[in-house]
Participant: 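Sharing a structure below in structure tokens format, with a few things to ask.
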Amino acid sequence: MTNLTMLITEGKGKRLYATDNPDEAIVSYRDETFAYHGLKRGRIIGKGEINNLICEYIFTLLTQKGVPNHFIRRLDNRCSLVKRVEIVPVVVKVRNIVAGSLAKRIGYPDGTRLKNTVVEYCLKDSELDDPLVNLTHITAMDIATAEEIQRMEELSLRVNDIVGECMREISIELIDFKLEFGRYKGAILLADEVSPDTCRFWDARTHEPLDIDRFRHDLGDVEEAYREVLHRLTGNVLKQSE
Ligand code: 5GP
């Protein structure tokens with residue numbers, strides 16, 4: 001078991017702990033889940049372990065493809081060692097197909113294919129419901145430079161290509177996702193997670209969601225959906241929880 005005593009911060013799906021090395025931290029993935037900015041809470045049994053394994057797979061793939069990220073190695077079922085970055089308080093959302101808040105904003109039905117990839121920036125501020133902002137807001141607020149945002153966008157589009165192709169091979173469509181980035185020794189690294197908690201994954205044949213939308217919209221079989229993504233990605237069949 002990993003020694004988890006020095007809590008740095010606690011997020012919706014993870015806890016972050018300090019290690020003896022100031023350049024590293026431990027992410028512990030949680031079964032707890034939150035939607036609608038904390039208004040809806042629940043527990044998806046097994047989610048923490050599944051997301052830890054999915055993130056290990058995806059971050060390893062991204063490293064192989066040259067996308068700099070915070071992942072170092074998986075430590076145990078629930079925990080991974082990561083580089084301790086300073087998170088940039090801007091969330092990047094990438095969209096291939098209309099869903100979620102974009103469907104509401106532009107009035108297009110869910111599932112509409114977009115003519116080009118859409119990139120959005122949101123402030124990472126849950127009290128304000130992560131509002132949509134543009135580059136001039138970000139630079140005016142002095143929370144990131146134009147160069148940092150340009151790098152984040154470039155890396156986000158590469159993640160879209162790499163993860164999109166990887167998912168297509170296992171008959172999953174990458175609808176959209178959100179990413180967070182961090183500063184580390186003068187570079188911008190992809191941080192946070194890439195998992196069914198942060199991406200919309202639809203089965204390519206049935207268009208059924210295989211992600212957190214199953215919890216958000218009370219569709220049932222949430223744990224099974226997460227398990228299915230892990231199984232198709234890695235062949236790994238985690239033992240079903242009690
Ligand atoms: P939307 O803006 O349509 O709600 O979300 C776009 C994408 O970002 C979806 O894949 C969604 O799951 C993800 N996303 C949006 N907000 C959050 C959030 O607060 N937490 C997490 N984990 N993912 C989010």
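Just so you know, residue 1 is the first one in the sequence shown, and it goes up from there. In each ligand, atom 1 is the first atom listed, and ligand 1 is the first ligand listed. Source: prediction; values computed, not measured.
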Participant: For a distance cut-off of 3.5 Å, show me each N or O of ligand 1 paired with any protein N or O, plus the separation.
Facilitator:
| unit_1 | atom_1 | unit_2 | atom_2 | d |
| --- | --- | --- | --- | --- |
| ligand 1 | 2 (O) | Lys93 | NZ | 2.7 |
| ligand 1 | 2 (O) | Arg95 | NH2 | 2.8 |
| ligand 1 | 2 (O) | Ser101 | OG | 2.5 |
| ligand 1 | 3 (O) | Arg95 | NH1 | 3.2 |
| ligand 1 | 3 (O) | Arg95 | NH2 | 3.4 |
| ligand 1 | 3 (O) | Ser101 | N | 2.8 |
| ligand 1 | 3 (O) | Ser101 | OG | 3.4 |
| ligand 1 | 3 (O) | Arg200 | NH1 | 2.9 |
| ligand 1 | 10 (O) | Asp176 | OD1 | 2.7 |
| ligand 1 | 10 (O) | Thr198 | O | 3.4 |
| ligand 1 | 10 (O) | Arg200 | N | 3.3 |
| ligand 1 | 12 (O) | Arg216 | NH1 | 3.4 |
| ligand 1 | 12 (O) | Arg216 | NH2 | 3.0 |
| ligand 1 | 19 (O) | Lys12 | NZ | 2.5 |
| ligand 1 | 22 (N) | Asp197 | O | 2.9 |
| ligand 1 | 23 (N) | Asp197 | O | 3.4 |

Participant: Taking Met141 as the starting point, is it possible to reach Phe181 by hopping between hydrophobic residues whose side chains are less than 4.5 Å apart?
Facilitator: yes
Participant: Can Glu154 and Arg151 be said to form a salt bridge (Lys or Arg N to Asp or Glu O under 4.0 Å), step by step?
Facilitator: CA-CA 5 Å; Glu154 179 201 334; Arg151 178 71 173 152; 3.1 Å; yes
Participant: Are Thr136 and Asn134 linked by a side-chain donor-acceptor pair shorter than 3.5 Å?
Facilitator: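 Yes - a donor-acceptor pair under 3.5 Å links their side chains.
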Participant: Pair up each side-chain donor or acceptor in residues 101-110 with any protein partner under 3.5 Å, not counting sequence neighbours, and list the distances.
Facilitator:
| unit_1 | atom_1 | unit_2 | atom_2 | d |
| --- | --- | --- | --- | --- |
| Ser101 | OG | Arg95 | NH2 | 3.0 |
| Arg105 | NH1 | Glu120 | OE2 | 3.0 |

Participant: Please say which of Asp197, Asp31, Asp211 ends up in a salt bridge (charged side-chain N to carboxylate O under 4.0 Å, His left out) with Lys47.
Facilitator: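 Answer to the salt bridge (charged side-chain N to carboxylate O under 4.0 Å, His left out) test with Lys47 among Asp197, Asp31, Asp211: Asp197.
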Participant: Output yes when Asp176 and Lys93 qualify as a salt bridge under the 4.0 Å nitrogen-oxygen rule, no when they do not.
Facilitator: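 Answer for the salt bridge query: no.
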